[in-house]
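Here is the structure we will look at.
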2 protein chains.
Amino acid sequence: MKLLANGKLTGGFDGDCPATREILNRVGDKWSVLVVVLLGDASRRFNELRRSIDGISQRMLTTTLRGLERDGLVKRTVYPTNPPQVDYALTKLGRTLLTPVSVLAGWAQGHRAEVQRARESFDTAKSGAHGGKADA
Amino acid sequence: MKLLANGKLTGGFDGDCPATREILNRVGDKWSVLVVVLLGDASRRFNELRRSIDGISQRMLTTTLRGLERDGLVKRTVYPTNPPQVDYALTKLGRTLLTPVSVLAGWAQGHRAEVQRARESFDTAKSGAHGGKADA
DNA sequence: CTGCATCCGATGCGATACTG
DNA sequence: CAGTATCGCATCGGATGCAG
């Protein structure tokens, strides 16, 4: 990844590209990532996912799933049984996402403590600086 | 990355961890990623960044920068000159983020076309399915 | 069981104006 | 130049109710 003096990028990353930005956004969406990881293990049914995640509302699960499906990351299969049963599974494309995500997740886990410390130190410095009082 | 039958994860990823989720969120933030990449090349001044990004508002640049600074990813240096000059640079920790981000960005770029196609096909199927009319 | 539509509060973000 | 505070709009997201 290389960056030119004028702010333009060469090589593997172009932040100006709307499509790339959009995909990055999807990864930033906590639910999407969670669902992808969950589905990385095995296909799941709707309420099965809902119970697995716990904290997600039905609306958000639906929204997330549809977004993932639209992007070709997840395959939705309806079994016309009674009661209806819908199965969600990662597509081939969806599975390729697991690696980049795990790299990122690995970074997050590995540097979690550092970030935490940086945050505390930052907050401490701030509260001590502007008010003049350190133990407000 | 491994996933157990009960939905719990082993190894490198734990979606339940708030800290991890928070960091993931930061990467999902388009501006943060962009700034990190930009700063990966060289340190920049405030308005220099602003011009480089073009589309970001001052408010968001400030917010983004502060968030990055708080997380220990970016170092803010003030030169008490006249007019004031403030320099932003990646910290050592910040530089370690470049690799995971580029992996992800690489994925996004590499699969951009596939996602695009999936999206179009999804949208087409939808508009043709519920309304009964295919060329609405 | 699965999923969509609606209402409504919370938050995000841009635009603007003002300070050092 | 760098940064903060405020306002107003747009979107997000949860809760609820209805339908296949």
Side-chain angles (χ1 to χ4, degrees), chain A residues 18 21-22 24-35 38-39 43-70 74-89 122-123 125-127 129-132, chain B residues 18 21-22 24-35 38-39 43-70 74-89 122-123 125-127 129-132:
Chain A
R21 180 177 297 174
E22 183 119 352
L24 244 24
N25 257 335
R26 186 166 306 289
V27 174
D29 178 26
K30 50 177 178 257
W31 301 129
S32 290
V33 176
L34 227 14
V35 168
L38 242 21
L39 256 26
S43 68
R44 311 255 178 157
R45 292 178 51 185
F46 188 85
N47 276 347
E48 203 176 346
L49 278 171
R50 179 134 86 123
R51 277 187 297 273
S52 290
I53 296 181
D54 185 68
I56 194 172
S57 64
Q58 188 195 42
R59 177 191 176 84
M60 284 318 290
L61 182 53
T62 301
T63 303
T64 300
L65 247 15
R66 288 183 52 112
L68 254 20
E69 188 193 357
R70 190 168 104 101
V74 161
K75 175 73 161 54
R76 176 173 176 268
T77 308
V78 181
Y79 297 101
T81 60
N82 182 6
Q85 178 169 339
V86 182
D87 227 72
Y88 290 93
F122 181 88
D123 291 344
K126 280 307 164 196
S127 62
H130 68 73
Chain B
R21 181 176 296 175
E22 182 118 354
L24 243 25
N25 256 334
R26 185 165 307 290
V27 174
D29 178 26
K30 49 179 181 256
W31 300 131
S32 290
V33 176
L34 228 14
V35 167
L38 242 21
L39 255 27
S43 67
R44 310 254 178 159
R45 292 177 52 183
F46 187 86
N47 278 345
E48 202 176 346
L49 278 171
R50 178 133 84 128
R51 278 187 296 273
S52 291
I53 295 180
D54 185 69
I56 194 173
S57 63
Q58 189 191 42
R59 177 189 175 85
M60 283 320 290
L61 182 54
T62 301
T63 302
T64 300
L65 249 14
R66 286 181 49 113
L68 255 18
E69 187 193 359
R70 189 168 105 101
V74 160
K75 175 74 160 54
R76 175 172 176 271
T77 309
V78 180
Y79 297 102
T81 59
N82 183 7
Q85 179 169 340
V86 182
D87 227 72
Y88 291 93
F122 181 87
D123 292 344
K126 279 307 163 196
S127 62
H130 68 72

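What you see below is based on every heavy atom in this structure, not just the backbone, and it leaves out hydrogens, waters and symmetry mates. Here is how names work: the chains are called A, B, and so on, in the same order as the sequence lines, proteins then strands, and each is numbered from 1.
The distance from the CG atom of A:Leu39 to the CG atom of A:Leu34 is 11.0 Å, given to the nearest 0.5 Å. To the nearest 0.5 Å, the span separating CG on A:Leu65 from OH on A:Tyr88 amounts to 4.5 Å.
Whole-Å rounding puts the B:Arg26 CZ to C:dG12 P distance at 12 Å. Rounded to whole Å, atom C1' of D:dT16 lies 17 Å from atom CE of A:Met60. Note: CD1 (A:Ile53) to P (D:dG14) measures 12 Å, nearest angstrom. Put simply, CZ on A:Arg44 is 17 Å from P on C:dC1, counting in whole angstrom units. Spacing between atom CG of B:Leu61 and atom P of D:dG3 amounts to 8 Å, rounded to whole angstrom units. Rounded to an integer number of Å, the gap from B:Asp87 CG to D:dC1 P is 15 Å. Remark: C1' of C:dC1 and CG of A:Leu65 are 14 Å apart, rounded to the nearest angstrom. Remark: P of D:dA5 and CZ of B:Arg66 are 9 Å apart, rounded to the nearest angstrom.
Residue B:Asn47 has its side chain nearest to D:dA2 when only D:dG14, C:dC1, D:dA2 are considered. Looking at the side chain of A:Arg76, the nearest of the listed nucleotides D:dG3, C:dG20, C:dG3 is C:dG3.
Contact annotation: B:Tyr88 side-chain N/O to D:dC1 OP1/OP2 distance is not under 4.0 Å. In this structure, A:Arg50 does not reach the C:dT2 phosphate: none of its side-chain N or O atoms is under 4.0 Å from OP1 or OP2.
A:Thr62 comes within 4.0 angstrom of sugar-phosphate atoms only, judged by non-hydrogen atoms across all strands, and of no base.
Looking at A:Thr77, A:Asp87, A:Val86 one by one, the single match for side-chain contact (heavy atoms from CB on, under 4.5 Å) with A:Arg45 turns out to be A:Asp87.
Judged by closest nucleotide on DNA chain D, A:Thr63 is the one of A:Thr63 and A:Pro84 placed further toward the 5' end. Positionally, the nearest nucleotide of DNA chain C for A:Gln85 lies more toward the 5' end than for the other of A:Arg59 and A:Gln85.
What you find for B:Ser52 and B:Leu38 is that their closest heavy atoms are CB-CD2, 4.0 Å.
No N or O donor and acceptor, one from the side chain of A:Gln58 and one from the base of D:dG14, sit under 3.5 Å apart.
The side-chain heavy atoms of A:Arg50 and A:Asn47, taken from C-beta on, include a pair separated by under 4.5 Å.
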